[in-house]
Amino acid sequence: MKNFAQKFGKFLSGMVMPNIGAFIAWGFITALFIPDGWIPNEGLASIHPPILTYLLPILIAAQGGKMIGGDRGRVMGAIAIVGCIAGSDNTMLMAAMAIGPLAGLVIKKFDEAMDGHMPAGFEMLINNFSVGIFGMIMAIIGYYIIGPVMGIILSVLTAGVEILMSMNLLPLVAIFIEPAKVLFLNNAINHGIFTPIGTTQALETGKSIMYMLEANPGPGLGVLLAYWMFSKDKMTKDSAPGAIIIHFLGGIHEIYFPYVLMNPMVIIAPIVGNICAVFFYSITGCGLVGASSPGSIIAFMSMSPRPQMLLTFLGVIIAAGVSFVIASPIIKMSGAKNLEEAQAQTASMKAQAKGQTTEVKDAGKVKKVVFACDAGMGSSAMGATKFRNRVKAARPDLTVINTSVDNIPADCDIAVVQTTLVERAKKSAPQAQMVTIGNFLADPALDALYIQLTTGDQAVAETTGENTDPVVPTTVPNKKVMIAEGIKLNQTPGTKEEAIQAAGELMCKLGYVDASYVDAMQEREKLVTTYMGMGIAIPHGTTQAKGTVKKTGIVLFQYPEGVPFGDEKANLVFGIAGIGDEHLDLLAKICEVLEDETVLEEMKTTNDVEWILRQLT
């Protein structure tokens with residue numbers, strides 16, 4: 001149930017967070033221009049109802065549709081939510097979270113059914129008409145069913161909140177909110193319930209206390225202050241001031257979660273602190289005009305109505321003060337976990353909330369970690385090399401290798417794969433534990449795995465000191481895998497497909513591959529991205545294309561402005577073609593460069609080809 005709630009909360013958050021700027025804009029317009037605002041203006045105040053009624057639901061539904069059905073799902077979600085808006089007098093934020101993904105799923109299933117069955121020459125007609133027809137059907141369903149039903153649900157929830165407020169019981173919700181935050185369950189509550197109810201209340205009264213329940217930075221501030229003042233552990237004490245700045249000013253609440261996990265009894269402090277703050281806000285009639293995200297004191301205060309700014313700030317002080325008073329004796333009287341262990345636990349829980357598996361049952365029994373990608377040529381090789389270098393000092397007994405996802409060895413204990421390859425990895429190595437990641441170089445799941453393997457129940461003390469780490473094969477002497485002619489600097493960015501095409505064509509020109517290998521590189525990118533993180537992409541061919549490689553070679557295209565690879569930008573695009581393990585030495589060298597941030601950043605902008613060759617060879 002916890003994992004389900006975490007994933008569900010992450011899904012809801014994925015629809016809301018990309019559009020939070022629109023919520024903030026709506027909040028500012030409300031705070032500034034309503035009759036009680038800072039600069040009352042009747043004309044400008046008329047902007048905020050259309051934003052709430054149309055723009056916000058459409059943005060959320062479109063994002064939800066895109067998450068399921070890509071760009072076509074985005075259009076479907078936007079069409080469908082308009083039906084809900086027309087079919088109800090309530091704000092349709094909750095309906096957007098329901099119908100957007102549903103509309104995306106409809107078009108996704110249609111596209112899957114049509115895959116390979118679309119008549120040549122009719123692609124544009126079928127693609128456009130399918131979105132139009134299914135979008136219309138979803139809008140009609142939204143008008144007659146989803147809109148009214150979600151309106152009823154929202155009315156019931158709002159009425160329930162009003163009952164709690166009238167009975168002065170609303171502060172008790174903090175009993176659930178604070179533990180939920182530490183367990184990364186807050187997204188399901190905050191974005192799924194509090195924001196829609198708060199927006200409805202703000203539409204009617206100009207403000208809502210619902211925006212204050214989860215975003216108040218006071219409870220976490222009190223905990224961090226207590227650790228700063230009274231912790232006996234020097235590392236924890238020294239780290240608290242920085243955490244305070246990040247939490248209170250930056251609004252990143254998860255920075256204080258490890259401090260709570262160090263001593264679970266401390267959770268009482270933010271619970272009681274938040275209860276007192278919510279009670280204070282209830283009796284003083286406080287509320288925010290819009291969602292405060294992130295939960296920074298700056299965002300929290302900026303969403304406060306002008307007449308209540310002092311009361312809003314006082315509620316933060318009350319929460320921090322009560323939390324501090326309660327946490328202080330608990331911290332002084334009881335022992336706590338090491339902060340690094342608590343951070344590892346937090347990283348693991350965060351990865352689970354993202355649908356990633358990082359829990360290692362018995363770190364000491366893990367002897368082989370395998371990084372697997374589609375071809376086992378580039379992404380996994382770099383990932384394995386970087387992780388091997390990172391872990392070998394603490395775990396010389398640990399073997400870290402890379403392979404293709406369909407050839408994971410039977411003695412593999414943990415397989416590290418990208419999300420889209422998990423099912424293939426499970427078929428290849430059903431005995432292995434899966435750790436799913438977004439990219440092979442910089443991913444929270446890798447950080448959690450590293451900490452767990454090096455601080456868990458490992459048998460480092462029992463090793464003989466002999467490093468059984470597999471050595472990356474060295475390239476054949478005098479065999480140049482990268483040459484000056486294969487390095488192109490200061491390239492003008494286009495699409496990732498264009499960047500991959502350019503790399504493939506250059507490898508073909510240099511005699512590394514056949515022309516068909518270029519198409520295989522494009523196909524490989526469609527399977528799962530070759531973006532590695534840290535501004536680096538390494539496009540290469542599929543497993544089936546290895547036969548088209550004439551000789552090992554790597555080319556480099558430098559894009560100072562960056563080429564979009566999904567949500568990230570690659571400044572360095574390495575095209576790879578390898579026979580056997582001949583290219584692994586250079587990949588290991590690239591990983592060494594990654595360890596030196598200064599060299600990596602210089603490589604992204606330098607005009608000196610020879611300097612790059614010296615760094616990589």
Do [X] side-chain atoms and [Y] backbone N/O form a donor-acceptor pair below 3.5 Å?
X    : Y    : result
Y531 : G535 : yes
N571 : K604 : no
W26  : I51  : no
T53  : P50  : no
E568 : F565 : no
Q308 : G285 : yes
N274 : P219 : no
N41  : F33  : no

Decide yes or no for [X] and [Y]: does some side-chain heavy atom of the first lie under 4.5 Å from some side-chain heavy atom of the second?
X    : Y    : answer
I141 : M138 : yes
R74  : D71  : yes
M67  : P101 : no
L102 : I146 : yes
P564 : T495 : no
S208 : L288 : no
N216 : V316 : yes
S292 : M301 : no

Point-to-point distance, once rounded to the nearest 0.5 Å, from [atom1] of [X] to [atom2] of [Y]:
X    : Y    : atom1 : atom2 : result
Y559 : T492 : OH    : OG1   : 9.0 Å
I137 : M76  : CD1   : CE    : 8.0 Å
L32  : S302 : CG    : OG    : 10.0 Å
I133 : N128 : CD1   : CG    : 11.0 Å
I29  : L52  : CD1   : CG    : 11.5 Å
N19  : L56  : CG    : CG    : 8.0 Å

Y256 and H253 aromatic ring geometry - parallel, tilted or perpendicular at 30°/60° bounds: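 The arrangement is tilted - the two ring planes meet at 30° to 60°.
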Whether Y281 and F300 hold their rings parallel, tilted or perpendicular, with breakpoints at 30° and 60°: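 Tilted, since the angle between the ring planes falls between 30° and 60°.
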Compare every heavy atom of [Y] with every heavy atom of [X], then report the nearest pair and how far apart it is.
X    : Y    : result
G206 : V289 : O-CG1, 3.3 Å
S130 : R72  : OG-NH2, 2.9 Å
M150 : A98  : CE-CB, 3.4 Å
G142 : P148 : O-CD, 3.7 Å
Q63  : P18  : NE2-CG, 3.8 Å
I318 : C276 : CG2-CB, 3.9 Å

[X] [atom1]: over 12 foreign heavy atoms closer than 6.0 Å:
X    : atom1 : result
K569 : NZ    : no
F279 : CZ    : no
E123 : CD    : yes
K207 : NZ    : yes

Intermediate values then yes/no, side-chain contact (heavy atoms from CB on, under 4.5 Å), E525 and E497: CA-CA 9 Å; E525 188 66 28; E497 289 79 13; 5.8 Å; no
Trace of the side-chain contact (heavy atoms from CB on, under 4.5 Å) decision for I246 with L249: CA-CA 6 Å; I246 294 172; L249 299 179; over 6 Å; no
Verdict with supporting geometry, V417 and I437, side-chain contact (heavy atoms from CB on, under 4.5 Å): CA-CA 6 Å; V417 298; I437 59 173; over 6 Å; no
Residue of the set V278, I283, V272 for which side-chain contact (heavy atoms from CB on, under 4.5 Å) holds with P171: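 So the option named by the test is V278.
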Residue pair Q522, Q501: steps toward the side chain to side chain donor-acceptor pair (under 3.5 Å) verdict: CA-CA 8 Å; Q522 298 287 7; Q501 188 73 21; 3.3 Å; yes
Evaluation steps, side-chain contact (heavy atoms from CB on, under 4.5 Å), between I209 and S282: CA-CA 8 Å; I209 194 174; S282 297; 3.6 Å; yes
Ring centroid separation F110 to F134 under 6.0 Å: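 Ring centroids of F110 and F134 are less than 6.0 Å from each other.
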Check residues 83-95 and write down every donor-acceptor pair under 3.5 Å in which the side-chain atom is one partner and the other belongs to a residue at least two apart or another chain.
residue : atom : partner : partner atom : Å
S88     : OG   : N90     : N            : 3.1
S88     : OG   : N90     : ND2          : 3.4

Contacts of E112 that satisfy salt bridge (charged side-chain N to carboxylate O under 4.0 Å, His left out) - sequence neighbours left out: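 Salt bridge (charged side-chain N to carboxylate O under 4.0 Å, His left out) check on E112 returns K109.
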